[in-house]
Amino acid sequence: MHDFAGLSDRLIATATGAKSSTVRGWLAGRSEPTGVRAQRLIELSEMVRRLARVLRAESIALWLQRPVLALDDEKPIELIARGEYRRVAKLISEIEYPGVS
C-alpha cells in the first residue's frame, strides 16, 4: 500500500489516527498496529486495493485526499479515519460497477 499506491506515512497516519513515526515503525516491522488503528489500516488497505482496479496507482493517494462531491465534499481519507469507510466503499462500488445499484 505504501509503496504500491504512494501513500505517505502522513496519509496513513491520518487514516489510522497514529503518528507518522508510529506508521514508519509499522512499515519497518518494528511494531504492529492494534485495536482501532489496526482496523483503520485494514479498511484503508481494502479501499486502496479496490481503487487500484479503477485508478492508476499514482492517482490513489490524490483521490483519497481531495473533497469528493458524491461524499458531500468530504475527503475519503477523513471518512476512513472516522470509521465511515462504508461510505467510501459504496462510492468505489459505484465506480467499479457503474449502473448497478
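Numbers here are sequence positions counted from 1.
Across Arg66 and Pro76, no two heavy atoms sit closer than the pair O-CD, 3.2 Å. When every heavy atom of Arg53 is checked against every heavy atom of Tyr97, the shortest pair comes out as NH1-OH, 3.5 Å. Here the closest heavy-atom approach between residue Ala18 and residue Ala13 is recorded as O-CB, 3.1 Å. The minimum heavy-atom distance linking Ala61 with Leu11 is given by the pair CB-CD2, 4.0 Å. Ser31 and Thr22 make their closest contact through OG-O, 4.4 Å (heavy atoms, listed as atom of the first residue, atom of the second, distance).
Grouping the Ile, Leu, Val, Met, Phe, Trp and Tyr side chains by contacts below 4.5 angstrom, directly or via other members, places Ile77 apart from Val36. Under the 4.5 Å side-chain heavy-atom criterion for ILVMFWY residues, a single connected hydrophobic cluster contains both Ile95 and Met47.
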Step-by-step side-chain contact (heavy atoms from CB on, under 4.5 Å) determination, Tyr85 to Leu44:
CA-CA 8 Å; Tyr85 81 95; Leu44 176 62; over 6 Å; no

Please walk me through it: do Glu94 and Lys90 pass salt bridge (charged side-chain N to carboxylate O under 4.0 Å, His left out)?
CA-CA 6 Å; Glu94 292 170 5; Lys90 184 175 186 282; 3.1 Å; yes

Before giving the answer on side-chain contact (heavy atoms from CB on, under 4.5 Å), spell out for Leu62 and Leu55 the whole-Å C-alpha distance, their side-chain angles and the decisive distance to 0.1 Å.
CA-CA 11 Å; Leu62 179 62; Leu55 294 175; over 6 Å; no

Using the side-chain contact (heavy atoms from CB on, under 4.5 Å) rule, take Val68 and Asp73 through it: C-alpha gap first, then chi angles, then the decisive distance, then the call.
CA-CA 5 Å; Val68 176; Asp73 282 326; over 6 Å; no

Before you tell me yes or no, could you show the steps for Leu71 and Arg87 under side-chain contact (heavy atoms from CB on, under 4.5 Å), namely the whole-Å CA-CA distance, both residues' side-chain angles and the distance that decides it to 0.1 Å?
CA-CA 7 Å; Leu71 297 172; Arg87 288 180 60 196; 4.3 Å; yes

Intermediate values then yes/no, side chain to side chain donor-acceptor pair (under 3.5 Å), Arg50 and Ser93
CA-CA 8 Å; Arg50 291 179 60 196; Ser93 289; 2.6 Å; yes

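A donor-acceptor pair under 3.5 Å links the side-chain atoms of Ser45 to the main chain of Leu41, judged by distance alone. Put simply, the side chain of Arg10 never gets that close to the backbone of Ser20: no donor and acceptor are under 3.5 Å apart. Distance alone, capped at 3.5 Å, places no donor-acceptor pair between the Glu46 side chain and the Ile42 backbone.
We find that Glu74 and Arg82 are joined by a salt bridge, their nearest charged nitrogen and carboxylate oxygen being less than 4.0 Å apart. Between Arg86 and Glu43, no side-chain nitrogen of the basic residue sits less than 4.0 Å from a carboxylate oxygen of the acidic one, so the salt-bridge criterion is not met.
Between the CG atom of Leu91 and the CG atom of Leu79 there is a distance of 10.0 Å, given to the nearest 0.5 Å. For the atom pair CH2 (Trp63) and CD1 (Ile92), the distance works out to 4.5 Å, reported to the nearest 0.5 Å.
Side-chain contact between Leu51 and Leu64 is present, with at least one heavy-atom pair separated by less than 4.5 Å.
Other residues, nucleotides and ligands place no more than 12 heavy atoms under 6.0 Å from the CZ atom of Arg56.
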